[in-house]
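One structure below.
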Amino acid sequence: DGFSQLQHNNYTCFCRICVITLAEAHPLLQSGKTIKNVNYQISANCSRLQNKVSGKSKRGAQFLTELAPLCRISSSDGEEYTIYSCIRGRLIEVNENILSNPALLQEKPSTEGYIAVVLPKFEESKSVTQGLLTQKEYEEVLLKR
């Protein structure tokens with residue numbers, strides 16, 4: 001875990017998008033660590049920066065599974081964290097601003113410090129949203145840790 005999903009109803013195209021961010025409980029936000037860099041290069045053959053989306057049907061978008069890595073974040077103490085999609089869908093956008101300003105992940109994790117935007121399949125979006133925790137439920141899970 002360590003992920004947070006914010007839902008936004010996009011009334012223009014009547015579809016749901018998920019914004020992937022660091023959760024409040026993520027070690028990078030709790031421990032006072034400094035983020036050294038963010039890398040969207042997942043493997044030698046796969047970079048999330050190569051994701052090129054076009055048109056209403058989002059042609060060219062990389063398809064992600066729940067366990068697909070989105071990026072790797074390195075902290076100044078040498079720790080590296082792999083951030084996973086945690087949702088099936090098409091990768092619409094990655095936040096290139098965090099490449100040059102990784103502090104946004106800590107300073108504004110739920111706004112300008114987002115990691116990526118994912119569009120789940122329309123037929124799966126309802127089951128995805130039903131599985132999400134409310135803020136209160138999430139806080140209760142954290143208290144039990």
Practice item. Determine the minimum heavy-atom distance between R88 and T65, stating which atoms define it. Key: CG-CA, 3.9 Å
**Study point:** Side-chain touch I73/I83, heavy atoms, less than 4.5 angstrom
**Key:** yes
Check your understanding: So if you build clusters from Ile, Leu, Val, Met, Phe, Trp, Tyr with side-chain heavy-atom gaps below 4.5 Å, do I98 and Y81 land together?
Key -> yes
Check your understanding: Is the closest side-chain heavy-atom distance between N51 and L91 below 4.5 Å?
Key -> yes
Point to revise | Heavy-atom pair of closest approach, residues S110 and T21 | key: CA-CG2, 4.2 Å
**Study point:** Side-chain touch L70/L64, heavy atoms, less than 4.5 angstrom
**Key:** yes
Exercise for review: Following the transitive rule for hydrophobic clusters with a side-chain heavy-atom cut-off under 4.5 Å over Ile, Leu, Val, Met, Phe, Trp and Tyr, establish whether L99 and L22 coincide in one cluster.
Suggested key: yes
Exercise for review: Could you check if a side-chain atom of I87 sits within less than 4.5 angstrom of a side-chain atom of E66, using non-hydrogen atoms only?
Suggested key: no
**Study point:** Closest contact, heavy atoms only, Q106 versus L29
**Key:** CA-CD2, 3.6 Å
Exercise for review: Write down the atom of S47, the atom of Q41, and the distance for their closest heavy-atom approach.
Suggested key: CB-OE1, 3.3 Å
Study note, to complete from the structure: The reported gap from CD1 in I115 to CG in L104 (rounded to nearest 0.5 angstrom) is 11.5 Å
Check your understanding: With a 4.5 Å limit on heavy-atom distance, are the side chains of S74 and E80 in contact?
Key -> yes
Practice item. Work out which heavy atom in S75 is nearest to a heavy atom in L28; give both atom names and the distance. Key: CB-CD2, 3.9 Å
Check your understanding: Are any non-hydrogen side-chain atoms of S85 and V118 less than 4.5 angstrom apart?
Key -> yes
Study note, to complete from the structure: Closest heavy-atom pair, I20 versus C86, reported as atoms and distance to 0.1 Å, is CD1-SG, 4.2 Å
Check your understanding: Looking at OH of Y40 and SG of C71, how far apart are the two atoms once the value is rounded to the nearest 0.5 Å?
Key -> 5.0 Å
Check your understanding: In this structure, are over 12 heavy atoms from other groups packed under 6.0 Å from D77 atom CG?
Key -> yes
Practice item. Could you tell me the separation between the CG atom of N97 and the CG atom of L105, rounded to the nearest 0.5 Å? Key: 10.5 Å
Point to revise | Heavy-atom side-chain contact between K33 and I35 under 4.5 Å | key: no
Practice item. Check whether the side chains of Q62 and R90 place a donor and an acceptor atom closer than 3.5 Å, and report yes or no. Key: no
Practice item. Determine, stepwise, if the pair E93 / V53 fulfils side-chain contact (heavy atoms from CB on, under 4.5 Å). Key: CA-CA 8 Å; E93 172 183 321; V53 180; over 6 Å; no
